[in-house]
Amino acid sequence: MKLYDTLNREKKEFKPIYGKRVNIFVCGPTVYDYSHIGHARTYIFFDTFSEYLRYKGYEVFYLQNITDVDDKIIKKANDLGVDPFEISKKYYNEYIQDMLKLRVNGVNLYAPATFYINEIIDQVKRLLEKGYAYVTNDGVYFDISKFPEYGKLSHQSLDSIKAGARVDINENKKNPADFALWKKRKEGEPFWPSPWGDGRPGWHIEDTAITEFHFGPQYDVHGGGSDLIFPHHECEIAQMESVSGKKPMVNYWLHTGLLTVRQERMGKSMGNVINIREILKEVRPELLRFFLLSSHYRSPVDYSPESLDLAKQSWEKIVISHSKLKSLNAKESEPVFVAEINRFRKEFENAMDDDMNTPLAISVIQSFIAFVNKNMEKFSNLDKESALTFLEDIDRIMKILPRNDSSVEKFIEILLDTRKLTKEKKLFEISDYIRLKLRENGIAVEDTSEGQIWYRI
RNA sequence: GGGUAGGUGGCAGAGUGGUGAUGCGCGAGACUGCAGAUCUCGUUUAUUGGGGUUCGAUUCCCCACCUACCCUCCA
C-alpha cells in the first residue's frame, strides 16, 4: 500500500513502525459549534482509511483529540454569559452524536485536551529546559529560531514565513512567528495552575502531549484538514522533534482537501455553513458518505444539492443490487463466477492501496454491480455468497449501504405480504397504495421475478 | 506578494509518453397490470490556452489564464 506524505510530497510504501500495529492520530474539532459537512468530509475519510487498514489485517489504534479549551469557546461562552466548559461539553457531545449518525466509529479514543493538562505542562517544562522556549509576561513561547526546519511541512522557508507574517501586536515575543505553548490567565478565562502561574495551553501543544502520552515521540500517521498544515502541524513538528530529538515525528502526514459549497469556501462569514445534522434530515448518512468518498481525499470536494442528487442515482444502483442479491434464490450448483468476483475484489484493493483512491475503488464497485446485475440469475449459492461477502466487506470499510433496523423490518415484511395478497387478487389500487406509502417513508419496493424486494433510499 | 493542490465529455470522476476508464444523464428496444429496476444497443471531434522536449503528450518542461486552500491560533 502506498500513501502520499505531505512532508516528502510523494507516495511512499506504507510500513508501520511496529509490525501490524498502526498508530493514527487525527486532529479533531474545536467544539464551539455544531459540526459541518467539511468536518464530515475529513472524518469520514479517516474513518474509511482506518477501516481499510483493519480490513487489510492491521491492528489500528485511531486516536483523535478534541480541542475543548480555546479562544473561540471562551468567546462564545462570554457572549452567552455561560461557563466555557458548558459550551465545550455541549458541542463535544453533539459532535459525537453527529459522528455516530455518520457511522464514523473507527476512532478508538477521543482525547479532550483538558484531560491532558499534566502532560501538556510536562512537555512545556521540557521544552524550556532544553532551551526551545522562553517565558514572557503573558505566557510561554516556542522559539522558532531554535528550530531551523520550521516550515518543512508546508514547504516554506523561514524567511518567507517571516516576510508574510502580519504585524505582530505582541512585543513580548522574540520573533513574530514564535507561538504560544502556555497562555497566562486572563480575566474570565478558564485556567489551571502551572510553574508559570495560572493559565491554559496553547493550541498546538495539546496534540503533541496527547500523542506522546499514547504513542511516544514517533508514530505512523498524522491526519487532518489541509488548512491545518500551516501553522498547526508545523508547530507540532517543532515541539515534538525538539522535545524528543527524534525525527521524523510521524512517517505519513495525510491531509484532506477542503470542502466548498458551490465553489465557495464554506465559512461563517460566507453564511453558507451546512451542519451535519441539517443535511442528515435530507439524505441518508450512507449517501453522504458515498458522495464524499467519490472524490479523492486530497482533492477539494464541491458540495451542492444538485451534485449530491446526481450521486444519489449511482448510489441507489448499488443499494438496489445488493438488496436483490440478498433475496436471490440461488441454485445449489457448482460456482462459476467466484474467480471473477475475486478479480473485482483485487481491483478494489489495488485502488485503495494506491493512496486510498476511493473514486477509482467506487468505479470498480460500479463495474462489479453491472456484473452482478447481468449474471445474478446464473449465480450458484456459492457465487451469491462470494458476491455478498465482497459487498459486505466494502460496506464495512466505506459504510455506504443503509443499515436495516430489525425492529421495523418485521412490519415491512407484513405489509409486503399484504401487498402480495392484494396483487394476487388484482387489487392493484391497494397494492400500489402500500408501495407508495412505503416509498414516502424511505422504503422502496420493487416487483421482480424473485418476488418483492425492498430497500432503504 | 509567498506557499500548496488542481484545471479531462452535459455532470461527477480515474488513468496513461502511443488515438481516454467507470457511473450518472440522454435516445431506442426488451421486460412489465402500473411503477421501479434490470438487460441490449446507441450517444458527444472531452484532457484551460500558448510554446518547448519527443518519432509521438492529455501525460514531462516553461509561460499565461482560471479555481480552491494556507500565510500564526484575529478566518
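Only heavy atoms go into these numbers, but all of them, side chains included; no hydrogens, no water, no symmetry mates. We name chains A, B, ... by the order of the sequence lines, and we start the count at 1 in each one.
Among the protein residues, A:I229 comes within range of no part of the nucleic acid, since none of its heavy atoms lies under 4.0 Å from any strand. At a threshold of 4.0 angstrom between heavy atoms, the contacts of A:R435 include nucleobase atoms, whether or not backbone atoms are also involved. If you check every strand for non-hydrogen atoms under 4.0 Å, A:A180 touches a base. Backbone-only engagement by A:S295 is indicated by non-hydrogen atom pairs under 4.0 Å involving sugar-phosphate atoms exclusively. When heavy atoms are screened at a 4.0 angstrom cut-off, A:K75 is found touching no nucleic acid atom at all. Within 4.0 Å (heavy atoms only), A:K312 reaches no atom of the nucleic acid at all. Counting any heavy atom pair closer than 4.0 Å across all strands shown, A:S314 reaches sugar-phosphate atoms only and no base atom. At a threshold of 4.0 angstrom between heavy atoms, the contacts of A:H204 with the nucleic acid are absent.
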The test is side chain to side chain donor-acceptor pair (under 3.5 Å); show your working for A:D68 and A:Y91 and say whether it passes.
CA-CA 9 Å; A:D68 60 347; A:Y91 289 107; over 6 Å; no

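Out of B:G6, B:G36, B:G3, the shortest distance to the side chain of A:E446 is found at B:G36. The side chain of A:H155 sits closest to B:G3 out of B:U72, B:G3, B:G36. Between B:G36, B:A14, B:A5, one nucleotide has an atom nearer to the side chain of A:H296 than all others, and that is B:A14. Nearest nucleotide to the A:K183 side chain, out of B:U4, B:C73, B:C11: B:C73.
Rounded to a whole Å, the CZ atom of A:R456 is 22 Å from the P atom of B:G36. The separation between A:L436 atom CG and B:A35 atom P is 14 Å, rounded to whole Å. For the pair A:E377 CD and B:C31 C1', the interatomic distance rounds to 11 Å; values are reported in whole Å. Separating the CD atom of A:Q263 from the C1' atom of B:G6 is a distance of 12 Å, rounded to the nearest angstrom. Protein atom CD1 of A:I443 is 22 Å distant from nucleotide atom P of B:A35, rounded to whole Å. Rounded to whole Å, atom C1' of B:U72 lies 13 Å from atom CG of A:L228. In this structure, the CG atom of A:D227 is 16 Å from the P atom of B:A5, given to the nearest Å. Atoms CG (A:D5) and C1' (B:A5) sit 15 Å apart, rounded to a whole Å.
Residues A:N357 and A:D354 bring no donor and acceptor atom of their side chains to less than 3.5 Å of each other. Defined by atom type and a distance below 3.5 Å, a donor-acceptor pair is missing between the side-chain atoms of A:S386 and A:D383. For A:E446 and A:T448, the side-chain atoms include no donor-acceptor pair closer than 3.5 Å. Looking only at atom types and distance, the side chain of A:Q123 has a donor-acceptor partner in the side chain of A:E212 under 3.5 Å away. Neither side chain, A:E316 nor A:Y455, offers a donor N or O lying under 3.5 Å from an acceptor on the other.
Going from the C1' atom of B:U43 to that of B:G23 covers 15 Å, rounded to whole Å. The gap from the P atom of B:C63 to that of B:G2 amounts to 12 Å, rounded to the nearest Å. Only the C1' atoms considered, B:G20 is 13 Å distant from B:A57, to the nearest whole Å. Using atom P as the reference point in both B:A21 and B:A46, the two lie 11 Å apart (nearest Å). A gap of 15 Å separates the C1' atoms of B:U22 and B:U16, to the nearest Å. For B:C55 and B:G13, the P atoms lie 37 Å apart once the distance is rounded to whole Å.
A distance cut-off of 5.5 Å between ring centres, combined with a plane angle under 30°, leaves A:F230 outside any stacking arrangement with the base of B:G3.
The side chain of A:K317 places an N or O atom within less than 4.0 Å of a non-bridging phosphate oxygen (OP1 or OP2) of B:C24. For B:U40, the OP1/OP2 oxygens have a side-chain nitrogen or oxygen of A:K374 closer than 4.0 Å.
Judged by distance alone, with hydrogens and angles left aside, the side-chain atoms of A:K173 form a donor-acceptor pair with the main-chain N or O of A:D178 at under 3.5 Å.
Between the side chain of A:D447 and the base of B:C34, a donor-acceptor pair under 3.5 Å is found.
Remark: RNA chain B takes part in the stems B:1-7 with B:65-71, B:10-12 with B:22-24, B:25-30 with B:38-43, B:48-52 with B:60-64, each of 3 or more antiparallel Watson-Crick or G-U pairs, criterion distances under 3.5 Å.
Between atom OH of residue A:Y116 and atom CG of residue A:D207 there is a gap of 11.5 Å, rounded to the nearest 0.5 Å.
RNA chain B lies under 4.0 Å from at least one heavy atom of each of the following residues of residues 356-372 of chain A: A:N357, A:P359, A:L360, A:S363, A:Q366, A:S367, A:A370.
Within a 6.0 Å sphere centred on CD of A:E392, heavy atoms belonging to other residues, nucleotides or ligands number more than 12.
Checking each of A:I365, A:I44, A:D393 against A:M398 for a side-chain contact (heavy atoms from CB on, under 4.5 Å) leaves exactly one that passes, namely A:I365. Between A:F179 and the options A:Y132, A:F142, A:Y141, a ring pair (Phe, Tyr, Trp, His ring centres under 6.0 Å) holds for only A:F142.
Annotation: side chain of A:D98 is not in contact with side chain of A:H39 (no heavy-atom distance under 4.5 Å).
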